[in-house]
Chemist: 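One structure is given below, represented as structure tokens, and several questions about it will come after.
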Amino acid sequence: MSGGAAPQLRILATGGTIAGQAASASDHVGYQAAVLPVQQLLDAVPALQQLPAQLHAEQILQKDSKDLDAGDWLRIAQATAAALAQPQVQGVVLTHGTDTLEETAWFLHRCLPAVGKPVVLVSAMRPAGALGADGPQNLFDACVLALSAVQIGLVRAGAGCQVLTVAAGRVFDALTVQKVQPYHVPAFSAGEAGPLAWVEQGQVRLARAPCSPGPGQDEPWAEGLWAPGHYQALLRAAAQTPPPAVAWLSSHAGFDARQVQALVAAGFEGLLVAGTGNATLHHALHTALCEAQREAGVAVAVTSRCNAGAVVPGPAPNWPLLPLPPAKARLELQLQLWLQRIPFSAAGSV
Ligand code: ASP
């Protein structure tokens, strides 16, 4: 589609089950993800042609999201930023695997400037030809969401909820979205926060009041915590600077401190530790972390391995608390250390 004054949506395809193919329509497990080209996914949804927008598609990756790495995140973020910078582009829809969607969403939230245009990550739990394939409906819903998010006040310049996800009709933001189901549809949840909105019958229904016109105290990014675009310097400079090695480990009964020693010996620069309960650590882990920090300068941050509620910070924490689910907390620590590695001249103003 081309020409005319209609708004444009950019569809950037990265792979995942939404582009997957199985030998049998009833096989939801033994299929190959990231096979079909993006044009084939769009052609399977004729209703997209009824939307008041031109769709421009580009295949930027073709991968199972379980295999993504930091270089892929950079590529996705740079392609998204380039699309958002074009005045005629109203929003970006990113097709993606479900497995690490929350990490890519977090990367984009923290690296893209909050220009007030929606970036919608869309995925599927069933390969394209499956009985009950969910990809076509999700793709349609993602385009509807990208076209309405500004109008209904869900996305606005400078606010934190520019990066959205939609699957099975439920809309989440980058902060709260988590894959919680290994097999069933729906697979995503925001836990106690619930969805931001639903897409129903081509309409977006808000679950609560949209972003306020000024920073609201109820927004976690209002005080600067989790601000959108905080690491945007990485988009300019990270390609020349390899990402630091950051591991994620959990505290558990019977913890063996050799895990920490092996990671330090292997050269890991950061350790994100998912503690028990209120981010508490097994005594052997605690001792090993103190040693790793003191003797090898390893950066340590903690979160909780509980996936509901919020850690209540204690009076004198040993290490910074990153109150995010472990996959996002590990990425956040990696982004912090990555930015520190970039020479100031290359990073420019953040
Ligand atoms: N392994 C697939 C992926 O994340 C799973 C999916 O998309 O549902 O790419």
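In this chain, residues are counted from 1 in sequence order. Both ligands and their constituent atoms are indexed starting at 1 by order of listing.
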Chemist: Quick test: of every protein heavy atom, which one is nearest to atom 9 (O) of ligand 1, and how far off is it to 0.1 Å?
Modeler: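 Answer, as residue, atom name and distance: Ser65 N, 2.7 Å.
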Chemist: Any ion pair linking Glu200 and Arg170 (charged N to carboxylate O, less than 4.0 Å)?
Modeler: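 Salt bridge: no.
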Chemist: To which protein heavy atom is atom 8 (O) of ligand 1 closest, and what is the distance rounded to 0.1 Å?
Modeler: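 The closest heavy atom on the protein side is Thr98 OG1, 2.5 Å.
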Chemist: Between Glu269 and Arg341, is the salt bridge (charged side-chain N to carboxylate O under 4.0 Å, His left out) condition met? List the steps.
Modeler: CA-CA 11 Å; Glu269 292 150 78; Arg341 269 189 176 192; 2.7 Å; yes
Chemist: Indicate yes or no: does Glu102 engage Lys328 in a salt bridge with an N to O separation below 4.0 Å.
Modeler: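 Judged by the 4.0 Å cut-off on N to carboxylate O distance, Glu102 and Lys328 do not form a salt bridge.
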Chemist: Please work out whether the ring planes of Trp338 and Phe107 are parallel, tilted or perpendicular, with thresholds of 30° and 60°.
Modeler: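 Trp338 vs Phe107 ring planes: tilted.
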Chemist: Considering residues, nucleotides and ligands other than Glu295, do more than 12 of their heavy atoms fall under 6.0 Å from its CD?
Modeler: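 Counting other residues, nucleotides and ligands, CD of Glu295 exceeds 12 neighbours.
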Chemist: Tell me which one of Val185, Asp99, Thr17 gets a heavy atom nearest to atom 6 (C) of ligand 1.
Modeler: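 Among Val185, Asp99, Thr17, the closest heavy atom to atom 6 (C) of ligand 1 comes from Thr17.
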Chemist: Give me the residue, atom name and distance of the protein heavy atom closest to atom 3 (C) of ligand 1.
Modeler: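 For this ligand atom, the closest protein heavy atom is Asp64 OD1, 3.2 Å.
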Chemist: Using heavy atoms and a 4.0 Å limit, tell me yes or no: is Ala124 in contact with ligand 1?
Modeler: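 Judged by the 4.0 Å heavy-atom criterion, Ala124 does count as contacting ligand 1.
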